[in-house]
Amino acid sequence: MFQATHILLFFSVLSSFLPHGTAAFNLTLPGQHPDPEAVATQVHRRVNASMGRREMLRLSEKDVASCLTGNPIDDCWKCDPDWANNRQRLADCGIGFGQNAKGGKGGEFYIVTDSSDEDPVNPKPGTLRYAVIRNEPLWIVFPSNMMIKLSQELIFNSYKTIDGRGADVHIVGGGCITLQYISNVIIHNIHIHHCHPSGNANVRSSPEHYGYRTESDGDGISIFSSRDIWIDHCTLSRCKDGLIDAVMGSTAITISNNHFSHHNDVMLLGHSDHYLPDSAMQVTIAFNHFGENLVQRMPRCRLGYIHVVNNDFTRWEMYAIGGSGRPTINSQGNRYTAPEDPYAKQITKRLDAGEGEWSGWNWRSEGDVMLNGAFFVASGGEAGTDYQNAYSVEPKNVDRISLLTMSAGVLGVARDNNLGMWTRGANDGGVYFSDTGPEYTDDMSQSTMPLPPSRIFPLLSAFLAFLCLLFHTITLTTLL
């Protein structure tokens, strides 16, 4: 294992010296799909089937049709009148690259009864932290409205579902959610906001292990070398760094039905332009609403295959979709509404590359609706046959995009995270919640302050190169 790890690091460092290092090796990851175009086509088929059922039953069976939205994820579980007693049905409703994320399906239900987070090393039974570090599959639910103010990163173990349906659950504070070296996680119907850096402390990641954590970035959800991840119907805003970041060989991810607002760097996919394992990253971004006061990175992609489908982009300040390192971006059936700024009408932005280089990248727009002067700069025309299957899908009109994204974000409660608290209760609004602690504000999280340019990546690359050289020297000495 030691030798394999260092060989991988060696090639990662070596690739940084190659003009097109990311294409020099065909690395694969567990969970990577061999035919990403087939997955993209399958998403459209699921949407078409749901829309077809809605139209067919809209007039003939009103009781059934009332639950149909045309959104294949929601229609999969919401049409069950007893869904609250069949919660694990949700695990069968995923689409796209993260559709195999089973979360805690088949495991016991765990009820969060304690919103505190006082001890990240020895969490109390009944807290959320106690549940997410368990080894066994768990389906985690909340009996009432709750604000969980984290003291440190909430580090998950594999096979967990956080299911916030029926309550108004907010996660704020130190580090927020970390998915690292794990698989099969579903995060559903949770507010995540005002996350700030934490660390320089011990944090438990399993019943058997805790370790020292250096300072985190302050992401809402950080996905690190993990797979089979599904984030659905969450509302995210106002974190110090990214709202959702996926890096270091993560793949098989679906980000769907979420509402994003009030943030600068929304979503980062990929560690660096030369980190080869990220060439196997596959992410589906579907049915999300990118709302008010967003600046950039919706997403910002490095390497990999990113399918952006049926989302509603309600303006941006700099750009919507950016990338470097030759990622494949397949944009289909989205609505892009440009800002009033005449210099920010372009949806796409290539970074760290001239036109002579990025003109060969596979960036495609098919069936997108572009409003208020928005325009998408496509590239890679010679590789158009790679998208033959996707092109067979008919463009979606404006009404259809509105229907697919109308319930984006947390279901049944207000989307806005301005105050970090709420006055509404569960889905019926009949129960009111009051927290005795201070509200979270932008000043507390410092989420509006610009981050200084990171110096860690150049240092890390040099350090890895030194380790590889040292390992090579030790290996030669052993052989001699």
Quick one: are V410 and H259 in side-chain contact, heavy atoms under 4.5 Å?
-> no
Find out whether V185 and V132 are in side-chain contact, i.e. whether some heavy atom of one side chain is under 4.5 Å from a heavy atom of the other.
-> no
Could you tell me whether a side-chain N or O of D278 sits under 3.5 Å from a main-chain N or O of M281, the two making a donor and an acceptor?
-> no
So do C239 and C176 have their SG atoms closer than 2.5 Å?
-> no
Evaluate the side-chain proximity of Y275 to V247: yes if any heavy-atom separation is below 4.5 Å, no if none is.
-> no
Under the 3.5 angstrom rule, does the side chain of S226 hit a backbone N or O of L179 as a donor-acceptor pair?
-> yes
Under 3.5 Å: donor-acceptor pair, side chain of T328, backbone of Y305 = no
At what distance, to the nearest 0.5 angstrom, does SG of C234 lie from CD1 of I171?
-> 8.0 Å
Are any side-chain N or O atoms of S116 and backbone N or O atoms of E118, one a donor and one an acceptor, separated by less than 3.5 Å?
-> no
What's the shortest heavy-atom distance between S324 and R300, and which atoms?
-> OG-NH1, 2.6 Å
Examine distances only and state if a side-chain atom of S225 and a backbone atom of Y181 form a donor-acceptor pair shorter than 3.5 Å.
-> no
Distance col, row I231:CD1 vs L236:CG, nearest 0.5 angstrom, shows 7.5 Å
Does S216 reach the main-chain N or O of G199 with its side chain, forming a donor-acceptor pair under 3.5 Å?
-> no
How far apart are the C-alpha atoms of S198 and R213, what are their side-chain angles, what is the distance that settles it, and do they pass the side-chain hydrogen bond (donor to acceptor under 3.5 Å, both in side chains) test?
-> CA-CA 9 Å; S198 64; R213 301 288 294 180; over 6 Å; no
Using only heavy-atom distances, determine whether the side chains of D228 and N100 contain a donor-acceptor pair under 3.5 Å.
-> no
Any chance you could lay out the side chain to side chain contact (heavy atoms under 4.5 Å, CB included) test for Q152 and R129, step after step, and finish with the verdict?
-> CA-CA 10 Å; Q152 298 291 336; R129 188 178 297 275; 4.2 Å; yes
Distance only, no hydrogens: is a donor on one side chain within 3.5 Å (strictly under) of an acceptor on the other, for Q99 and Q42?
-> yes
Report the distance from atom NE2 of H209 to atom CD1 of I133, rounding to the nearest 0.5 Å.
-> 11.5 Å
Is there a donor-acceptor pair under 3.5 Å between the side chain of D117 and the backbone N or O of S151?
-> yes
Would you check if there is a donor-acceptor pair between the side chains of S206 and N157 at a distance under 3.5 Å?
-> no
Residues I285 and P299: closest non-hydrogen pair is CD1-CG, 3.6 Å
Minimum-distance pair of heavy atoms, taken over all atoms of W83 and G166 | CH2-N, 4.5 Å
Answer yes or no: does atom OH of Y210 have more than 12 heavy-atom neighbours from other residues, nucleotides or ligands under 6.0 Å?
-> no
The single option from Q88, H188, R87 passing side-chain hydrogen bond (donor to acceptor under 3.5 Å, both in side chains) against D163 = R87
Count the heavy atoms of every other residue, nucleotide or ligand shown that sit under 6.0 Å from CD of E108, and state whether that count exceeds 12.
-> no
When the ring planes of Y110 and Y130 are compared, do they come out parallel, tilted or perpendicular, using 30° and 60° as the limits?
-> parallel
Any donor-acceptor N or O pair under 3.5 Å, side chains D114, T127 | no
List the atom of E153, the atom of T178, and the distance in Å for their closest heavy-atom pair.
-> OE2-OG1, 2.7 Å
Nearest heavy-atom neighbours spanning R238 and L243 | N-CD2, 4.1 Å
I111, CD1 atom: more than 12 neighbouring heavy atoms under 6.0 Å | no
Report yes or no: do N293 and S261 form a side-chain donor-acceptor pair below 3.5 Å?
-> no
More than 12 heavy atoms of other residues, nucleotides or ligands under 6.0 Å from OH of Y159: is that the case?
-> no
Relative to each other, are the rings of H191 and H170 parallel, tilted or perpendicular (30° and 60° limits)?
-> parallel
Value for CD (Q282) from CD1 (I306), rounded to nearest 0.5 Å, stands at 9.0 Å
From CA spacing to verdict: side-chain hydrogen bond (donor to acceptor under 3.5 Å, both in side chains), N258, N288 = CA-CA 5 Å; N258 301 291; N288 302 285; 3.1 Å; yes
Here the gap from L154 atom CG to I192 atom CD1, rounded to the nearest 0.5 Å, amounts to 9.5 Å
Does the pair H289 and T314 meet the rule for a side chain to side chain contact (heavy atoms under 4.5 Å, CB included), with working shown?
-> CA-CA 7 Å; H289 181 199; T314 312; 2.7 Å; yes
Can you find a pair of side-chain heavy atoms, one from L90 and one from K105, that are under 4.5 Å apart?
-> no
Could you grab the distance from atom CG of D265 to atom CG of D245, nearest 0.5 Å is fine?
-> 8.5 Å
Evaluate the ring planes of F313 and Y336, with Trp represented by its six-membered ring, and classify them as parallel (under 30°), tilted (30 to 60°) or perpendicular (over 60°).
-> parallel
Determine whether I73 and I95 make a side-chain contact, defined as any pair of heavy atoms from C-beta on separated by less than 4.5 Å.
-> yes
Should M267 and I255 be marked as a side chain to side chain contact (heavy atoms under 4.5 Å, CB included) after you check the CA-CA gap, both sets of side-chain angles, and the distance that decides it?
-> CA-CA 10 Å; M267 193 184 306; I255 300 169; 3.7 Å; yes
Salt-bridge test for K102 and D92: reply yes if a basic N is under 4.0 Å from a carboxylate O, no otherwise.
-> yes
Grab the two heavy atoms, one from P143 and one from V112, that are nearest each other, plus how far apart they are.
-> CD-O, 3.0 Å
Is it true that a side-chain atom of K160 and a backbone atom of R134 form a donor plus acceptor pair closer than 3.5 Å?
-> yes
Just say parallel, tilted or perpendicular for the rings of F290 and F260, cut-offs at 30° and 60°.
-> parallel
Donor-acceptor side-chain pairing of Q332 and N310 below 3.5 angstrom = no
Is there a side-chain contact between T69 and D75 (heavy atoms, below 4.5 Å)?
-> yes
Is there a side-chain hydrogen bond (donor to acceptor under 3.5 Å, both in side chains) between N184 and S158 once you walk through the steps?
-> CA-CA 6 Å; N184 288 281; S158 296; over 6 Å; no
Taking it one step at a time, do Y212 and N200 satisfy side chain to side chain contact (heavy atoms under 4.5 Å, CB included)?
-> CA-CA 7 Å; Y212 187 79; N200 297 322; 3.4 Å; yes
Is the side chain of N257 donor-acceptor paired with the backbone N or O of D232 at a distance under 3.5 Å, no angle test?
-> no
Side chains of S222 and D217: closer than 4.5 Å at any heavy-atom pair?
-> no
Answer whether the closest heavy-atom distance between the side chains of L68 and S50 falls below 4.5 Å.
-> no
